[in-house]
Amino acid sequence: MHSESDAATENHPEKQPLNFIHQIIEEDNRTGKFGSRVHTRFPPEPNGYLHIGHAKAILLNYGTAVKYNGKFNLRFDDTNPIKEEEEYVQSIIEDVKWLGADYEDRLFYGSDYFEQMYEYAVQLTRKGKAYVCDLSAEEIKATRGTLTEPGQESPYRKRSIAENLDLLERMKAGEFPDGSRTLRAKIDMASPNLNMRDPVMYRILHAPHHRTGNKWCIYPMYDWAHGLEDSIERITHSLCTLEFEDHRPLYDWFLIELDAYRPQQIEFARLNLTYTVMSKRRLLELVKKRYVNGWDDPRMPTISGMRRRGYTPEAIQNFAERIGVAKRDSTVDVALLEFSVREHLNKIAPRFMGVLNPLKIVIDNYPEDREELLEAINNPEDLSAGTRQVPFSRELYIEADDFMEDPPKNFFRLAPGREVRLRYAYFITCTNVIKDSDGNITEVHCSYDPATSGGDSPNGRKVKGTLHWVSARHARTAEVRLYDRLFNVENPGGEHFLEQLNPTSLTIVDKCYLEPALAEQAVPGFRFQFERLGYFCIDPDTTPTKLVLNRTVTLRDTWAKIAQKQQK
Ligand code: ATP
Ligand code: MG
């Protein structure tokens with residue numbers, strides 16, 4: 001496994017050299033190929049939610065337009081009425097906007113061009129370059145040949161132009177049943193490129209379309225539609241993933257034969273990420289079979305899942321720049337994405353204290369009726385974020401992991417007789433441990449040193465551990481959802497990919513304790529750091545009576561370690 005470019009470990013994405021696509025564009029601008037215009041598009045099929053791979057494509061297309069003062073279109077490639085739904089259209093629009101890819105007023109639908117596409121089909125037929133074929137889908141497949149054998153010409157290939165025009169019109173008028181006829185391009189059944197062996201342009205499908213309703217009963221195939229859509233929108237550089245490389249001759253053939261405006265198709269490597277799947281078919285299966293709680297489940301590699309989990313558009317943009325664009329497929333370590341998220345949240349996320357797995361502390365020499373407000377820094381990385389007040393009192397919660405009754409030498413947190421710092425508060429020393437009849441620790445008693453107010457040592461006395469805490473009396477509660485990788489294996493896939501799911505990808509902590517200042521700001525989408533625990537955000541499942549938090553990412557940075565190792 002490796003990153004897509006050496007620049008992946010580089011911390012200054014802006015210093016990357018020109019990628020191969022931008023090199024092509026600069027050459028085109030130099031020669032005036034497109035009159036120095038740059039116009040890109042993102043052409044999703046609305047048959048699922050967008051994922052991080054799409055984010056890469058969106059940001060590449062949008063970023064390229066911005067870089068060259070060009071334009072960027074969002075266009076739904078909605079030529080297949082069967083799998084497409086309005087819900088997907090809306091989610092895609094939301095995701096593209098959230099990522100910051102501004103298409104201004106250029107939101108288009110391939111289906112808006114159906115009439116024009118049909119006219120182009122008539123034009124090709126009239127030219128003798130397309131014919132109506134009565135073979136079934138199976139027969140077409142069976143006569144297509146193989147990589148080593150040429151295909152067989154259809155018996156309908158020699159139909160007269162007049163007959164073809166008549167049949168095409170009647171196909172469109174709805175005279176024939178589904179699957180009985182197709183319109184095919186007349187190219188070359190012996191072409192070494194299978195895509196050029198008289199590909200189907202239209203099929204008959206009596207199915208309503210999410211935008212055109214029952215107007216059409218013939219629908220264009222992807223290869224026929226896509227180049228026309230690009231051409232009609234006067235796209236200059238049509239960026240797509242590598243699997244379309246073999247389709248490029250067909251893309252060009254249609255536009256050359258039609259004498260239409262011709263964009264340049266350029267292929268780049270798709271993004272693959274470790275520990276997840278990216279195919280829409282598989283993601284749909286996870287949703288349908290309820291292995292996850294919907295497309296926007298925070299464990300999903302979807303943009304909506306990442307948004308719900310607390311990722312920021314900036315983090316995804318930085319990630320996309322780091323991985324760059326390449327011509328060879330590869331898999332990127334998901335730790336690099338998490339690194340980008342952590343890096344951005346470190347700058348912007350205010351800090352709070354919260355306790356996930358509470359242990360009660362009682363400070364015996366702190367008066368029962370006393371409480372005070374202590375000042376805490378909101379973000380040490382951004383002092384302009386100011387400070388807040390954190391209530392302190394005699395009874396507190398600390399993390400159960402931060403206490404050990406019988407600690408090993410290298411444990412620097414709380415233990416009998418040991419002194420630690422409570423963040424922003426005081427030094428405390430453990431004096432006594434209370435247990436229930438089963439021997440479980442129920443309370444830890446401590447004494448505090450009033451001279452260490454603010455967590456500062458008055459006489460240079462050092463403590464090794466600093467713990468986060470929440471005042472029990474003031475604590476608010478929340479449900480916390482902790483996420484782990486969705487799959488247990490680095491490159492999930494194959495027939496049995498469901499068996500590779502991580503059964504503990506979601507852990508729910510019913511009741512965590514948090515400081516009141518956080519509860520006051522807790523609107524869905526709010527992102528913050530729990531000191532020492534990681535970055536979190538408020539989940540939309542939050543109600544006026546119940547706070548729900550998602551852990552976005554832990555503080556542990558595995559990527560930095562990997563990068564360090566690679567540099568050594
Ligand atoms: P399918 O075609 O199987 O429905 P798809 O993911 O290719 O799935 P599209 O809606 O066709 O879905 O994708 C829209 C655009 O996003 C295409 O231009 C495609 O090349 C690009 N794209 C899709 N997946 C990735 C990926 N993993 N990395 C980069 N770009 C991608
Ligand atoms: Mg596709």
Side-chain angles (χ1 to χ4, degrees), residues 39-51 53-62 65 71-97 99 101 103 106-118 120-121 195 199-203 205 207-213 215-216 218-248 250-252 254-255 258 260-268 270 278-281 283-284 302-303:
H39 198 152
T40 60
R41 87 287 175 263
F42 175 64
E45 187 184 345
N47 62 354
Y49 279 59
L50 298 182
H51 54 58
H54 295 118
K56 169 180 171 166
I58 293 165
L59 295 169
L60 171 63
N61 278 291
Y62 174 66
K71 289 178 177 157
F72 165 75
N73 295 359
L74 172 59
R75 178 211 311 144
F76 288 102
D77 201 347
D78 57 349
T79 51
N80 178 359
I82 302 296
K83 291 189 206 150
E84 296 168 0
E85 285 172 31
E86 188 58 25
E87 176 197 346
Y88 298 137
V89 168
Q90 292 313 321
S91 75
I92 290 169
I93 289 175
E94 186 181 358
D95 290 350
V96 171
K97 284 189 175 163
L99 275 178
Y103 50 82
R106 289 179 303 278
L107 169 61
F108 300 116
Y109 293 85
S111 57
D112 286 347
Y113 312 138
F114 279 173
E115 194 66 51
Q116 229 165 323
M117 289 178 192
Y118 178 77
Y120 274 130
N195 295 304
V200 172
M201 295 161 58
Y202 277 101
R203 56 185 170 145
L205 199 58
H209 183 275
H210 78 121
R211 283 178 62 87
T212 57
K215 177 150 188 246
W216 294 88
I218 57 170
Y219 287 97
M221 303 302 287
Y222 176 87
D223 282 324
W224 166 241
H226 196 80
L228 293 181
E229 292 164 6
D230 283 345
S231 176
I232 290 166
E233 292 176 15
R234 299 188 75 75
I235 298 303
T236 56
H237 300 86
S238 175
L239 313 182
C240 62
T241 36
L242 284 179
E243 69 270 24
F244 292 104
E245 195 167 3
D246 290 344
H247 297 243
R248 185 170 5 112
L250 181 55
Y251 182 103
D252 289 339
F254 282 131
L255 297 174
L258 291 167
Y261 167 81
R262 186 146 65 95
Q264 175 66 52
Q265 176 180 306
I266 305 171
E267 307 85 17
F268 64 93
R270 58 195 307 128
M278 214 84 98
S279 119
K280 276 191 214 163
R281 187 172 53 79
L283 295 176
L284 181 65
T302 52
I303 298 175

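Heads up: numbering here begins at 1 and tracks the sequence.
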Asks: Report yes if the side chains of Met201 and Phe254 come closer than 4.5 Å at any heavy-atom pair, otherwise no.
Replies: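 Yes - at least one pair of side-chain heavy atoms lies under 4.5 Å apart.
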Asks: Within the distance-only criterion (no hydrogens, no angle test), does the side chain of Tyr202 pair as donor or acceptor with the backbone N or O of Tyr118 below 3.5 angstrom?
Replies: yes
Asks: Check whether Asn195 reaches the backbone of Asp246 with its side chain - one donor and one acceptor, N or O, closer than 3.5 Å.
Replies: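 Yes, Asn195 side chain to Asp246 backbone: donor-acceptor pair under 3.5 Å.
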Asks: Enter the distance from Asn73:CG to Lys71:NZ here, rounded to the nearest 0.5 Å.
Replies: 9.0 Å
Asks: Under 3.5 Å, side chain of Thr241 to main-chain N/O of Glu243, donor-acceptor pair present?
Replies: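 A pair under 3.5 Å: no.
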Asks: Ignoring hydrogens, what is the shortest heavy-atom contact between Asp78 and Phe114? Give both atom names and the distance.
Replies: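 Closest pair (atom of Asp78, atom of Phe114, distance): O-CZ, 3.9 Å.
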Asks: For Ser231 and Arg262, test the side chains for any donor-to-acceptor distance below 3.5 angstrom and give the result as yes or no.
Replies: no
Asks: Under a 4.5 Å cut-off applied to non-hydrogen side-chain atoms, are Phe108 and Tyr103 in contact?
Replies: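 No, side chains not in contact.
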Asks: Is there a ring pair (Phe, Tyr, Trp, His ring centres under 6.0 Å) between Phe244 and His226 once you walk through the steps?
Replies: CA-CA 11 Å; Phe244 292 104; His226 196 80; 7.1 Å; no
Asks: How long is the straight-line distance from NE2 of His51 back to CG of Leu283, given to the nearest 0.5 Å?
Replies: 6.5 Å
Asks: Using every non-hydrogen atom in the two residues, find where Met117 and Pro220 come nearest and quote the distance to one decimal.
Replies: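 So the minimum-distance heavy-atom pair works out to SD-CG, 3.8 Å.
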Asks: Might you work through the side chain to side chain contact (heavy atoms under 4.5 Å, CB included) test for Leu228 and Tyr113, ending with a clear yes or no?
Replies: CA-CA 9 Å; Leu228 293 181; Tyr113 312 138; over 6 Å; no
Asks: Got a donor-acceptor contact below 3.5 angstrom from the Thr79 side chain to the Met221 backbone?
Replies: no
Asks: Tell me yes or no: between the side chains of Glu86 and Gln90, is some donor less than 3.5 Å from an acceptor?
Replies: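 Judged by distance alone, the side chains do pair up.
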Asks: Does Tyr261 use its side chain to pair, donor to acceptor, with the backbone of Ile235 at less than 3.5 Å?
Replies: yes
Asks: Would you check if the side chain of Tyr219 reaches a backbone N or O of Ala207 as a donor-acceptor pair within less than 3.5 Å?
Replies: yes
Asks: I'd like to check Leu239 versus Phe42 (side-chain heavy atoms, cut-off strictly below 4.5 Å). Are they in contact?
Replies: no
Asks: Where do Pro263 and Leu255 come nearest, in terms of heavy atoms and distance?
Replies: CD-CD1, 3.7 Å
Asks: Check His54, Lys280, Glu87 against Tyr49 for a side-chain hydrogen bond (donor to acceptor under 3.5 Å, both in side chains) and give me the one that passes.
Replies: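 Result: among His54, Lys280, Glu87, Glu87 is the only option passing the side-chain hydrogen bond (donor to acceptor under 3.5 Å, both in side chains) with Tyr49.
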Asks: For Lys56 versus Arg270, what's the shortest heavy-atom pair and its separation?
Replies: NZ-C, 4.4 Å
Asks: Does the pair Asn47 and Arg281 meet the rule for a side chain to side chain contact (heavy atoms under 4.5 Å, CB included), with working shown?
Replies: CA-CA 9 Å; Asn47 62 354; Arg281 187 172 53 79; over 6 Å; no
Asks: Suppose we call two aromatic rings close when their centres sit under 6.0 Å apart. Are Tyr222 and His247 close by that rule?
Replies: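 No, the ring of Tyr222 stays outside the 6.0 Å limit from the ring of His247, centre to centre.
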Asks: Roughly how far, to the nearest 0.5 Å, is the CG atom of Leu60 from the OG1 atom of Thr40?
Replies: 8.0 Å
Asks: So Trp216 and Glu115, side chain to side chain contact (heavy atoms under 4.5 Å, CB included) or not? Walk me through it.
Replies: CA-CA 10 Å; Trp216 294 88; Glu115 194 66 51; 3.6 Å; yes
Asks: Passes salt bridge (Lys or Arg N to Asp or Glu O under 4.0 Å), Glu233 versus Arg41? Steps please.
Replies: CA-CA 9 Å; Glu233 292 176 15; Arg41 87 287 175 263; over 6 Å; no
Asks: Are Glu45 and Tyr88 linked by a side-chain donor-acceptor pair shorter than 3.5 Å?
Replies: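 Result is no, nothing qualifies.
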Asks: Heavy atoms only: give me the nearest Leu205-Pro81 pair and the separation to one decimal.
Replies: CD2-CG, 3.8 Å
Asks: Report yes if some heavy atom in the side chain of Glu94 is under 4.5 Å from a heavy atom in the side chain of Ile303; otherwise report no.
Replies: no
Asks: Determine whether a donor-acceptor pair (N or O, by modelled atom type, separation under 3.5 Å) exists between the side chain of His209 and the backbone of Lys215.
Replies: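 No; judged by distance alone, with no hydrogens or angles, the pair does not exist.
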Asks: If you take all heavy atoms of Leu99 and Leu59, which pair is closest and at what distance?
Replies: O-CD2, 4.0 Å
